[in-house]
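Remarks on the structure that follows.
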Amino acid sequence: MKPSKSLLMVFLLPILMIVLPAVLLLIIALQVSQEESLQNHQLQSNDLDTLVQMATFDRQLGDLHQRMTDVLSRVEDINLNAMQRYAEYGVINQELTQISNNIDRLATSPLIFDLSQESADALQRVFHQYRSFISMANEAATLNQGEPSFYLQEAQHHFTTFNLFSQQIFEELTLRASARHRESYSALTNTRASILWIGLGLFALLISAALFAAWRINRRLVTVGDAILALSDSRQPLPDLQRVERLSRKHTGPLQRIAVALLSLRDTEQKRRHAERQVHQLAYYDSLTGLPNWRLMKEHLQHSLETNSQTNTYGALAYVDVDEFKRINDSIGHQAGDELLKQMAERLQNLGQQAATIGRLNGDEFAIIIDGLDSDKLKAAEKAELFASQVAHALTQPYCLDGHYQFLNVSQGLVLFKGIDDSVDSLFQYANSAVHFAKRAGQNSIRFYDPAVQAQLESRTELERDLRLAIENKEFVLVYQIQVDSQGSAIGAEALIRWQHATRGFVSPGAFIPLAEETGLIVPIGNWVLHAACEQLVAWQADEHTKDLVLAVNVSAKQFQQPTFVDDVAHALEISGASPHKLKLELTESTVIGKIDDIIARMHQLKALGISFAMDDFGTGYSSLQYLKRLPLDQIKIDQSFVRDLHHDADDMAIVETIIAMGRSLGLNVIAEGVETMEHWKCLNDHQCHAYQGYYFCKPVAAAEMASYCLAPPPTLT
Ligand code: C2E
Ligand code: MG
Ligand code: MG
């Protein structure tokens, strides 16, 4: 059988399973019902016959009896001769015999038999008695012996009895016939109902069987269909086809052939994919280390370029080259050299940088693509450099080869990329040329292809190195900027750090404070500032003009968050002997973001010592007013950016007004910084600002200059 035909059978089978038995069932039911009806009909017609006979033979007997009476009366009149009488009696006798036969048949009819055998017997008996009297009357008349009329009377008597009796039987028979008719009708109805119920039951059974068969067939077809789909999708892993295997084992015929064909297709596909994988592996992966090769790295880099362009972040391509690998290879042998490269690949893979793709280009050259570094170029360069130094650290650890330790150095060339302006080939070229610069710079060097980036990184590294030495070399000094009240009289000063470097000259805090914060150097620097400020306070206490000045010291977030900060401040106060009431710490909004409860607790500890707090650069951060309300502040310092264009910019004016009003409502002193002109001062004074700081009153100057330069009587407000 062809598969198409057998599949047709598969679909037709459930239909045939229902239709054929249903038709068969219908025919049987019709036959049974017809037979039952026929029997019923036969019974009814038999009963009817019996009743008709019963009704007619009464009349026949009546007629005969009349004729008999007539004949006998004519005998008496001697109208008939002997031959005629004999002939007449013969005829009557014949008819009587016929009636007798009829009665016998009647007596044995199922209806009477069903009614009662006794009735049939009684009827026969009465008739025979009647007949014997008729015969006797006949003989008497024929042979002229005795009185025929006497026998006729007796016969008449029995005839009447017979009539009455037959009448009664007829009535009973009629009733019995109608009862039998009802019974047979109800039997017929019952039979039909039974056939109907049995039919329905069988039909339901057949439908269930057909549905079950259809479900099983459907399951097999779905199994086959799923397997075909799974095999046809080359992106999906190969299916195990367990159900198809079962089909091939448990079935015969076309379904088995299909299952076998699918299994062989799966095996072929498995081999094809394996071969494809091998080809892919050979084409895109390095056979020694299993890392992506140059071709695949190029594809990865292209992908990275597109991704970084979308996210607008810098990525980096690092070229890693082993220093003097040829010499190592020659000294330990090529096999050990291969082992070394394998261990290097493992170490690179274990670096744990998720967004890094590592590949081996050739020989001793590895490439690393690092994605999503930063949107800022310098920060991206810093991160790339950090990663490169981790690579250098990992690769320069000793290698164990056949029980011998081997050491090596690597040079790295880095190039940053963002967007798709650079081609993949040129980036590889740039990284390669950067690695040559690195090699020239000495072992374990890292070099960027971009000279500007390289220069920035180098200067940053140098700055950090110098900053570390600055405290030791006593290169920091504090300058002081006077803070005045609304009359212009000095009420305090802010300590501002200056870095006087031997070769760099003066370095502004804006250039080194962020680096100090990033590297954590702000902690020792800030500590130095605290000590220097306390010493200055002690010096001021001795002078009549400066003894009441409150000195504000800037504190970085990182410094404030040091667990020892409270102790450090207390220690600085203690060893200097400065009054804590003259010390004010300036915090910024970034300091009070985070664990607010800890910060508040720490502020309270310091306040308990007598120290006051100012919120510096107020208005530039994002701290919530809810927090501000909870902080134990004494002063808020309006940032100079709002003061600068105060009398030109309505927005700045509105902000300044709001800050002053808010400070007042919170019971805080408000100081404005960056007051450069008389207009600034006047405007702020008009809005009832409490204190002022700025070039208008005094630039930040050394402590020695302050007394002569800044504590002079102020210009009067006009
Ligand atoms: P800051 O705390 O807001 O200090 C005010 C800055 O504004 C100072 O700059 C000051 O010289 C400058 N200034 C004062 N009046 C005027 C004015 O009228 N016009 C203009 N244009 N500028 C004015 P400086 O000394 O360069 O300090 C810059 C920032 O460096 C400080 O801002 C502070 O955040 C930080 N800083 C300075 N010294 C220290 C320190 O000892 N520790 C810490 N952590 N940060 C410090
Ligand atoms: Mg400040
Ligand atoms: Mg400020």
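Both counts, for ligands and for their atoms, begin at 1 and track the order of listing.
- A donor-acceptor contact closer than 3.5 angstrom is absent between the side chains of Ser304 and Asn308.
- Shown here is His647, whose NE2 atom has more than 12 heavy atoms of other residues, nucleotides or ligands within 6.0 Å.
- Remark: the Thr588 side chain and the Asp617 side chain contain no N/O donor-acceptor pair separated by less than 3.5 Å.
- Protein residues with a heavy atom under 4.0 Å from ligand 1 are Gln481, Glu494, Leu496, Ile497, Arg498, Pro509, Ile513, Val529, Asn554, Ser556, Glu586, Asp616, Asp617, Gln640, Glu673, Gly674, Val675, Glu676, Gly694, Tyr695, Pro700.
- Under 4.0 Å is where a charged nitrogen must lie from a carboxylate oxygen, and between Glu517 and Lys558 no such pair does.
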Run the side-chain contact (heavy atoms from CB on, under 4.5 Å) check on Tyr319 and Phe428 step by step: do they pass? CA-CA 8 Å; Tyr319 223 93; Phe428 270 105; 3.9 Å; yes

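- Taking the charged nitrogens against the carboxylate oxygens, Glu518 and Arg460 do have a contact shorter than 4.0 Å, which makes a salt bridge.
- Residues that satisfy the side chain to side chain contact (heavy atoms under 4.5 Å, CB included) test with Pro514, not counting sequence neighbours, are absent from this structure.
- Near the Mg ion (ligand 2), less than 2.8 Å away, sit the protein N, O or S atoms Glu494 OE2, Asn554 OD1, Glu586 OE1, Asp616 OD2.
- Side-chain contact check for Leu587 versus Asp616: every heavy-atom pair is 4.5 Å or farther apart.
- For Lys607, the side chain to side chain contact (heavy atoms under 4.5 Å, CB included) criterion is met by Phe613, Pro632, Asp634, not counting sequence neighbours.
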